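This chain uses plain numbering: 1 for the first residue, then up along the sequence. Reckoned from all heavy atoms, side chains included, excluding hydrogens, waters and symmetry mates. What you are looking at is a predicted structure, and each value in this text was computed from that prediction instead of being measured.
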Amino acid sequence: MPELPEVETIKRELSPFLKGEKIRDVIIKREEIIGFPSVRVFKRELIGKAIKDLERRGKYLIFLLSDGSRLLFHLKLSGRLILHQGKRELRHERLKLVLNKRNLSFVEPRMFGRVFFVRNRFPNVLKGFLELGPEPLAKDFNESFLAKRLKRRKGKIKSILLDQRVGCGLGNIYTDESLFLAGIHPERSGVSLMPFEIRKLVRSIKKVLKEAIRDKGTTLSDYFRPNGRGGNYQLRLRVKDREGKPCRRCGTPIERIKIGNRSTHFCPQCQK
């Protein structure tokens, strides 16, 4: 699933090409891809508007439009945004924005991803967006914030970090990597973490995310950038997807367990 570094990479790589582009037409090939509003209203509202800028919030990519409205993409498990020219037909293409100079296609094989048009008030279907916690790379995601969120939380730290009200934009890959770097076992309860461990965890999260953004994200299966290329961070992964391979720090084989139905990788020696 595209997480914070992947969506940030997509935003940065699309921005130079999309700013100032006008939406000339909207071609919807699977109506289910539209999360809000109705397909008819969605098309009517978008056509003719220009793209002023692109932003990211958590795992959402946001197009700021010329009249103040917004177009939100949630890529979910396998969604991709592909920039191309001409009348090229793409496999699993669900939505196409026809622009002045090029086309932007939303390709989504599994049909979990969604697109939302928002004028003023956010609909109930985007309640999760409104409840997102602070960005992990922002100043307000700090030791004090995380300590408050972990207070009296008996759940496993891996699951707590995946809660988007806590780790906005964090997903399976970067929680595993951050917990390894901080030396914290993913099954530790949130309440059990000491202040120095929370401090180390915050620093580890920020370090891992910055590394992954610098490497254009992680391509393990479905994630590809708008130009069709993959990311590079998979070459630097410390534990994720390395079950049975030696830990890069101590040589102990990496183990994999299930936490909340999510595959979790860790080093049993470095993370006790």
Side-chain angles (χ1 to χ4, degrees), residues 1-18 30 33 35 54-63 71-84 88 90-97 102-116 128-129 132 135-137 158 161-162 164 167-181 205-243 245 256 261-265:
M1 176 187 291
E3 302 177 28
L4 187 156
E6 288 74 43
V7 180
E8 180 66 23
T9 298
I10 292 169
K11 184 204 79 173
R12 293 183 182 187
E13 296 193 346
L14 283 178
S15 289
F17 298 99
L18 296 185
R30 288 287 294 271
I33 207 75
L54 276 69
E55 293 182 347
R56 179 195 54 77
R57 181 78 173 99
K59 301 176 187 178
Y60 289 85
L61 181 64
I62 307 167
F63 289 17
L71 182 66
L72 282 71
F73 287 87
H74 200 320
L75 305 179
K76 290 285 185 166
L77 290 174
S78 56
R80 295 172 57 192
L81 288 170
I82 300 177
L83 205 58
H84 60 99
R88 180 182 172 192
L90 302 177
R91 190 181 180 198
H92 302 306
E93 183 181 62
R94 311 306 186 189
L95 169 73
K96 181 189 292 182
L97 299 183
R102 51 187 60 85
N103 299 321
L104 181 69
S105 292
F106 187 18
V107 173
E108 169 54 305
R110 303 186 195 181
M111 282 302 298
F112 292 135
R114 290 292 182 269
V115 191
F116 308 88
F129 177 86
L132 291 174
E135 292 284 334
L137 291 176
K158 167 71 182 281
L161 290 178
L162 289 176
Q164 297 301 292
C168 168
L170 286 174
N172 211 29
I173 296 173
Y174 302 110
T175 51
D176 283 2
E177 292 295 298
S178 299
L179 287 168
F180 170 80
L181 204 59
I205 289 170
K206 292 179 185 289
K207 176 180 173 62
V208 165
L209 292 177
K210 287 177 181 177
E211 288 177 347
I213 292 172
R214 191 162 53 244
D215 283 348
K216 312 295 184 184
T218 302
T219 297
L220 295 177
S221 56
D222 296 310
Y223 164 68
F224 290 92
R225 293 150 57 194
N227 59 11
R229 299 175 184 172
N232 298 305
Y233 196 64
Q234 65 275 9
L235 303 175
R236 300 179 58 178
L237 292 174
R238 300 164 175 94
V239 289
K240 181 64 181 175
D241 217 36
R242 298 190 68 244
E243 180 184 6
K245 296 180 180 179
R256 180 174 70 91
N261 292 323
R262 306 293 293 275
S263 290
T264 299
H265 296 79

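- A salt bridge links R56 to E8: one of the charged nitrogens lies within less than 4.0 Å of a carboxylate oxygen.
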Side chains of residues 206-213: which donor-acceptor partners sit under 3.5 Å, not counting sequence neighbours?
unit_1: K206; atom_1: NZ; unit_2: P136; atom_2: O; d: 2.7
unit_1: K206; atom_1: NZ; unit_2: A138; atom_2: O; d: 2.9
unit_1: K206; atom_1: NZ; unit_2: F141; atom_2: O; d: 3.1
unit_1: K207; atom_1: NZ; unit_2: E211; atom_2: OE2; d: 3.3
unit_1: E211; atom_1: OE1; unit_2: Y233; atom_2: OH; d: 2.7
unit_1: E211; atom_1: OE1; unit_2: R238; atom_2: NH1; d: 3.2
unit_1: E211; atom_1: OE1; unit_2: R238; atom_2: NH2; d: 3.2
unit_1: E211; atom_1: OE2; unit_2: R238; atom_2: NH2; d: 3.2

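- For R88, the salt bridge (Lys or Arg N to Asp or Glu O under 4.0 Å) test picks out no residue, with sequence neighbours left out.
- By the side chain to side chain contact (heavy atoms under 4.5 Å, CB included) test, R229 pairs with R225, N227, sequence neighbours left out.
- Atom CG of D215 and atom CG of L237 lie 9.5 Å apart (nearest 0.5 Å).
- Between K11 and the options I62, L54, L18, a side chain to side chain contact (heavy atoms under 4.5 Å, CB included) holds for only L54.
- When side chains are defined from C-beta on, L81 counts as touching L75, because their heavy atoms get closer than 4.5 Å.
- T218 approaches E6 most closely through the heavy-atom pair N-OE2, 2.8 Å.
- Residues L132 and R57 are in side-chain contact: their nearest non-hydrogen atoms beyond the backbone lie under 4.5 Å apart.
- With sequence neighbours left out, the salt bridge (Lys or Arg N to Asp or Glu O under 4.0 Å) criterion links R214 to no other residue.
- Partners of T264 according to the side chain to side chain contact (heavy atoms under 4.5 Å, CB included) rule, which considers only residues two or more places apart in sequence or in another chain, are K158, D176, P186, I257, I259.
- Checked against side chain to side chain contact (heavy atoms under 4.5 Å, CB included), F17 has the following partners two or more places apart in sequence or in another chain: L83, R102.
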